[in-house]
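The structure appears right after this line, and notes come after that.
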Amino acid sequence: MTNVNRIGDRIEDPVEGGSDDETPVVRVPRGTGRRLHGAVAHKLGTAILSGEYAPGDTLSGEVEFSKTLDVSRSAYREAVQVLTAKGLVESRPKIGTRVLPRSRWNLLDPDVLAWAFAGEPDIAFVRGLFELRAIVEPAAAALAAERRERTDLKIMKDALAAMRRHTLATEAGRAADREFHDAVLTATRNDALIVLSASIGAAVNWTTQFKQRARALPRNPIPDHMLVYDAIAAGDANGASAAMRTLVDLALEDTKLAMAR
């Protein structure tokens with residue numbers, strides 16, 4: 001049975017205010033609220049995605065876990081339900097909660113992506129995300145060039161303006177980046193592609209943040225986005241596909257450099 005002490009820190013929230021030389025913390029009150037069980041799910045999910053818990057490991061029982069994390073048993077159970085819904089674990093009577101094989105994990109879930117990038121993501125996982133983007137986004141850009149409407153172009157143009165104004169070093173700039181990629185998928189008028197927007201947007205967001213951990217972005221990717229927009233606005237399907245593929249390929253190279261550092 002896996003040792004619960006691996007993630008035995010209490011779930012805590014900072015208290016607003018306090019003295020200048022210290023930041024006091026208090027325990028989150030016991031309860032079953034979304035905020036609390038979400039924090040427990042984040043802690044467990046991050047531990048699983050980072051490899052602290054390997055597929056096949058059995059988590060300690062809810063009594064031991066709830067005492068170690070200093071949360072209610074109901075909060076722990078609800079957190080496990082969150083992980084179960086995302087394919088990370090399964091719970092069975094008399095067996096307990098077991099980490100499922102990686103092939104069962106919903107790796108495109110925005111929360112799972114956040115947990116993966118909370119630590120140091122595996123290069124194979126990062127490469128897989130970019131391979132997915134390289135398959136989906138160039139084809140989506142080509143369809144967008146053929147099917148986009150005026151409202152789609154306005155959303156893309158506004159997103160580009162916000163990216164330039166705020167830069168990708170800020171959350172506002174990264175939100176605009178997600179809006180741009182979401183608008184491209186929406187412009188395809190293909191429901192199967194549109195449902196991927198949350199996953200693609202989360203992948204874009206977390207890889208961008210990851211590249212900035214050690215230092216500023218190695219280069220400004222906004223001109224690459226402009227080329228995609230120009231081709232879509234011109235109705236150039238081949239040009240839009242090529243521009244999007246270049247954007248994704250260059251983003252992968254930037255991420256590799258960040259991981260090498």
Side-chain angles (χ1 to χ4, degrees), residues 106-110 112-114 116-117 121 123-168 172-212 217-258:
N106 184 1
L107 292 172
L108 293 182
D109 182 277
V112 177
L113 286 171
F117 282 92
I123 183 61
F125 173 67
V126 174
R127 185 183 299 112
L129 289 178
F130 278 100
E131 288 175 350
L132 172 68
R133 290 185 59 193
I135 292 169
V136 172
E137 291 197 273
L143 286 177
E146 297 172 348
R147 302 174 182 176
R148 84 289 186 278
E149 298 176 359
R150 185 176 300 176
T151 54
D152 300 313
L153 295 176
K154 184 179 186 310
I155 293 172
M156 293 179 205
K157 192 172 184 178
D158 289 346
L160 287 170
M163 289 167 66
R164 285 193 296 266
R165 182 168 63 254
H166 299 292
T167 79
L168 296 182
R174 291 190 294 270
D177 190 12
R178 294 193 297 272
E179 289 171 6
F180 178 85
H181 289 271
D182 179 75
V184 172
L185 290 172
T186 300
T188 66
R189 301 295 180 267
N190 182 308
D191 290 342
L193 285 172
I194 292 171
V195 297
L196 291 175
S197 61
S199 298
I200 294 294
V204 170
N205 177 61
W206 288 110
T207 51
T208 300
Q209 286 197 52
F210 177 78
K211 286 182 286 187
Q212 297 178 62
L217 287 171
R219 58 180 188 82
N220 181 10
I222 295 176
D224 302 324
H225 289 72
M226 280 296 307
L227 292 175
V228 174
Y229 169 80
D230 289 341
I232 291 175
D236 180 1
N238 290 334
S241 177
M244 182 64 84
R245 176 168 288 279
T246 298
L247 187 158
V248 174
D249 288 345
L250 289 174
L252 174 58
E253 291 305 313
D254 291 344
T255 304
K256 286 181 177 177
L257 288 174

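Positions are given from 1 along the sequence. The structure displayed is predicted, hence computed values, not measured ones.
Within a 6.0 Å radius of CG in N238, other residues, nucleotides and ligands contribute 12 heavy atoms or fewer.
Inter-residue side-chain proximity for V228 and F180 is flagged as met; some heavy-atom pair is nearer than 4.5 Å. A 4.5 Å side-chain heavy-atom check between D109 and L107 finds every atom pair outside the cut-off. Contact check for L160 versus M226: side-chain heavy atoms found under the 4.5 Å cut-off. A heavy-atom distance below 4.5 Å is not found between the side chains of D182 and I155. When side chains are defined from C-beta on, D152 does not count as touching I232, because their heavy atoms never get closer than 4.5 Å. Side-chain contact between N205 and D177: absent, with no pair of heavy atoms (C-beta onward) separated by less than 4.5 Å.
In this structure a side-chain-to-backbone donor-acceptor pair under 3.5 Å is missing from R178 to A202. In this structure a side-chain-to-backbone donor-acceptor pair under 3.5 Å is missing from S241 to A237. Judged by distance alone, the side chain of R189 and the main-chain N or O of R147 form no donor-acceptor pair under 3.5 Å. Distance alone, capped at 3.5 Å, places no donor-acceptor pair between the R133 side chain and the I200 backbone.
Rounding to the nearest 0.5 Å gives a distance of 8.0 Å between CE of M163 and CG of N220.
Ring geometry for F117 versus W206: interplanar angle under 30°, hence parallel rather than tilted (30 to 60°).
For D158, the side chain to side chain donor-acceptor pair (under 3.5 Å) partners are K154, not counting sequence neighbours.
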